Amino acid sequence: MPAIDDCLRRAMTIRGAIGASLIDYTTGQSLGMQGGQDQVAPHADPAAAALGTASVIHAAMQTAAYAPAVPGDTVEDVIISTSAAYHLIRPVRTGFDSRLVLYVWLDRAEGNLAIARRRIRTLAEELA
């Protein structure tokens with residue numbers, strides 16, 4: 001999966017990036033990840049992070065509070081901020097099933113949320 005590996009390597013060039021993964025949110029399976037083994041996911045558990053990411057995006061896409069109110073409206077991204085990090089989750093829109101999300105974990109002190117969002121949007125579009 002060279003395109004996935006390249007995308008994740010490029011995600012890791014975002015200032016403050018700690019880890020990145022591409023996740024099938026319908027199954028909670030990671031299709032690829034980048035970052036040191038102890039840094040790929042919070043608490044060094046990539047499988048749990050993938051499942052958690054899948055749960056978050058699934059909830060955002062299926063919950064009435066976030067459901068599109070305007071025709072054509074969709075969830076662009078989900079951002080979770082903690083005192084030490086930003087967790088960015090971006091759906092990858094594809095022509096067939098759109099069940100992938102790009103997840104990037106940023107160190108809050110090093111990363112820039114606005115720039116990271118723009119870079120992640122571009123990476124997700126290139127994957128589609």
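This is a predicted model, so every value here is computed, not measured. In this chain, numbering begins with 1 at the start of the sequence shown.
Considering CD of Gln29 and CG of Leu100, their distance stands at 12.5 Å, rounded to 0.5 Å. In this structure, the separation between OG1 on Thr122 and CZ on Arg90 is 8.5 Å, given to the nearest 0.5 Å. In this structure, CZ in Arg118 is found 10.5 Å from CG in Asn112, a value given to the nearest 0.5 Å. One distance of note links CD1 of Ile18 with CH2 of Trp105; it measures 5.0 Å at 0.5 Å rounding.
Using a 4.5 Å cut-off on side-chain heavy atoms (C-beta onward), Leu102 and Ile89 make no contact. Ile120 places a side-chain heavy atom less than 4.5 Å from the side chain of Ile14. With a 4.5 Å cut-off on side-chain heavy atoms, Ile57 and Pro91 count as touching. Taking 4.5 Å as the limit, some side-chain heavy atom of Arg108 sits within range of a side-chain heavy atom of Ser81.
Scanning both residues, Ala11 and Ala20, for their nearest heavy atoms gives CB-CB, 3.8 Å. Annotation for Gly32 and Ile4: closest pair CA-CG2, 4.4 Å, computed over non-hydrogen atoms. Nearest approach of Ala60 to Val78, heavy atoms of both residues: CB-CG2, 3.9 Å. Looking at every heavy atom in both residues, Gly28 comes nearest to Ala50 through O-CB, 3.3 Å.
Side-chain atoms of Thr27 and Arg99 include no donor-acceptor pair closer than 3.5 Å.
Between Tyr25 and His58, the angle of the ring planes goes over 60°, which puts this pair in the perpendicular group of the 30/60° scheme.
Linking Ile, Leu, Val, Met, Phe, Trp and Tyr whenever their side-chain heavy atoms come within less than 4.5 Å leaves Leu51 and Leu22 in two separate clusters. There is a path of hydrophobic side-chain contacts, each under 4.5 Å, that joins Leu123 to Ile79.
When each of Val104, Thr53, Ile80 is checked for a side-chain contact (heavy atoms from CB on, under 4.5 Å) with His87, only Ile80 meets the rule.
Within a 6.0 Å sphere centred on CZ of Arg117, heavy atoms belonging to other residues, nucleotides or ligands number 12 at most. Heavy atoms of other residues, nucleotides or ligands lying less than 6.0 angstrom from CZ of Arg15 number 12 at most. Environment of CD in Glu76: sparse, with no more than 12 heavy atoms of neighbouring residues, nucleotides or ligands closer than 6.0 Å.
For Ser21 (side chain) and Ile23 (main-chain N/O), no donor-acceptor pair under 3.5 Å exists by modelled atom type. Within the 3.5 Å criterion, the main-chain N or O of Gln34 finds no donor-acceptor partner in the side chain of Arg9.
Remark: Glu125 does not engage Arg93 in a salt bridge, criterion side-chain N to carboxylate O under 4.0 Å.
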